Number of protein chains: 2
Amino acid sequence: MATTPVPLRRDAQRNLERILDAAQEAFAADGIEIGVDEIARRAGVGVGTLYRRFPTKDALIDAIVERRTEEIAALAAEAEATDEPWAGVELLLGGLLERHATDRGFKALIADRTVATGKPTIRARLRPQFARVITRAQRDGSLRDDITVEDVTTLIWGAGRAVEVTSEIVPDHWRRHLGILLDGLRAPRATPLPGTPPTIAQGDALSVAWAASCRSGR
Amino acid sequence: MATTPVPLRRDAQRNLERILDAAQEAFAADGIEIGVDEIARRAGVGVGTLYRRFPTKDALIDAIVERRTEEIAALAAEAEATDEPWAGVELLLGGLLERHATDRGFKALIADRTVATGKPTIRARLRPQFARVITRAQRDGSLRDDITVEDVTTLIWGAGRAVEVTSEIVPDHWRRHLGILLDGLRAPRATPLPGTPPTIAQGDALSVAWAASCRSGR
DNA sequence: CAGCAAGCGGAGCAGGAACTCCGCTTCGTC
DNA sequence: GACGAAGCGGAGTTCCTGCTCCGCTTGCTG
């Protein structure tokens, strides 16, 4: 059964939006470690109000993640639609790393919305799109074909973390980092990789573990 | 002038070693987030005793880092001495990532010993060695020559972070990650990189920033 | 416009982790 | 063996941050 069709009172609705806006800005500017009190202050609201809507800080983060997921989905859609399949790969990876470079909270935000659900729901939303970008470039022969989305995801996670730190000191360094990764991903150059890619189930588990490690990390 | 040539009492010396051993083990097994009380407990010592030797937790971490630096220096020396220069690159990067995969505290430990000194002292110790491994392979023509130690360091930082998380679920995944990185570093395959490598001064600053971000991360 | 449920806010609570303090113990010298 | 300095230990302090509680306020309905 659907829960509570009762709409929020107008002031409550306004405060809810203020909280979401303030949280999104605060996470981007100061990272996910920012305190709940500070978010409430910036929203012009008491912490009590915040906690009535979001029972935990994680729930608030989840809400922001959900909000921003569409932004990444749009990026992926754009990457699916490039003329050259390889350009799609560059666009997707570049777009993700650029966000890491300019948005301090992006790491934790992209991590996943696992807390509320216990399942990697964001991954479920985005993985098919990412997979299409990748397999398109593999069919085209531009992307090495011994890798899967899971391999690329791991690459991005790591690079994102490095980019997050370096971008404060050398803002454009991520472009070089990306360049090296892309060279490692190009097909004509591939040296056989050891082992096998993670399974999809392992990918789910990785996604959850990654999210956890990002969220505990202030 | 040299401070305090006064030697420690025998029991104090024994306790100091116990603390160092316990800390090293605890960091490796449980990560740097482990509490000071727990380290003291495992060392069979009171927290007071620990704090007499190490005025802050960071000082203790620094001491462990210093201890382990030689281990990495040895790895780098081995990498300088391989027959094939490229094998040295593989050995160095592989050795670093493998440690990330098996030692939960390695990230923070390798980060640097910046807190006590305020300067990237570990970097000062290891950078020349790393640079020799790299330039040797570049002269040889096996490693792309448009990169510097700073570029490689960033790559390792990011990969290390990813490896740390994935290795709990897919223990060998780091080998694939490394394989892709190595393909990105091979000379014959290089696509020109944008921008210029970080300067040495920027590299110092990056090292300090990276250390800080690793240490605040529990 | 009256009544009240829904909403508000922020002082305070809880718990976790780094660090301090000080009475007691032990080592090593004379 | 005795004495004092060095060392010990762990209960307690502090600080930080997520979260709760409850008396007051406000928007909505009849």
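Chain identifiers are assigned alphabetically (A, B, ...) following the order of the sequence lines, protein sequences preceding nucleic acid strands; residue numbering begins at 1 within each chain. None of the values given here were measured: they were computed from a predicted structure.
Here His177(B) pairs with nothing under the ring pair (Phe, Tyr, Trp, His ring centres under 6.0 Å) rule; sequence neighbours left out. With sequence neighbours excluded, the residues that form a side chain to side chain contact (heavy atoms under 4.5 Å, CB included) with Asp146(A) are Arg144(A), Leu193(A). With sequence neighbours excluded, no residue forms a salt bridge (Lys or Arg N to Asp or Glu O under 4.0 Å) with Arg52(B). Under the ring pair (Phe, Tyr, Trp, His ring centres under 6.0 Å) criterion, Trp174(A) pairs with no residue at all, not counting sequence neighbours. For the salt bridge (Lys or Arg N to Asp or Glu O under 4.0 Å) test, no residue two or more places apart in sequence or in another chain qualifies with Glu98(B). Among residues two or more places apart in sequence or in another chain, the side-chain hydrogen bond (donor to acceptor under 3.5 Å, both in side chains) test is passed with Arg104(A) by none. Considering only residues two or more places apart in sequence or on other chains, His100(B) meets the ring pair (Phe, Tyr, Trp, His ring centres under 6.0 Å) condition with Phe106(B). When the salt bridge (Lys or Arg N to Asp or Glu O under 4.0 Å) test is applied to Arg14(A), no partner is found at least two apart in sequence or on another chain.
By the 6.0 Å and 45° rule, Arg161(B) does not stack over the aromatic ring of Trp210(B).
Remark: Val36(B), Asp37(B) in residues 36-43 of chain B come within less than 4.0 Å of DNA chain C through at least one heavy atom. DNA chain D is contacted by no residue of residues 12-19 of chain A, taking any non-hydrogen atom closer than 4.0 Å.
Distance Tyr51(A) OH to dG7(C) P: 19 Å, rounded to the nearest Å. Rounded to a whole Å, the CZ atom of Arg10(B) is 13 Å from the C1' atom of dT29(C). When rounded to the nearest whole Å, the span between CZ of Arg9(B) and C1' of dG28(C) equals 8 Å. Rounded to whole angstrom, the span from the CG atom of Leu8(B) across to the C1' atom of dG28(C) amounts to 14 Å.
As judged by a 4.0 angstrom heavy-atom cut-off over every strand, Gly35(A) is placed among residues touching the sugar-phosphate backbone only.
If you walk DNA chain D from 5' to 3' and mark each nucleotide with an atom closer than 4.0 Å to a heavy atom of chain B, the marks span dA5(D) to dA11(D).
Taking the charged nitrogens against the carboxylate oxygens, Arg176(A) and Glu150(B) have no contact shorter than 4.0 Å, which rules out a salt bridge.
If you check dG7(C), dA18(C), dC27(C) against the side chain of Asp11(B), the one that comes closest is dC27(C).
Residue pairs meeting the salt bridge (charged side-chain N to carboxylate O under 4.0 Å, His left out) criterion with at least one partner in residues 16-26 of chain A, sequence neighbours excluded, are Asp21(A)-Arg67(A).
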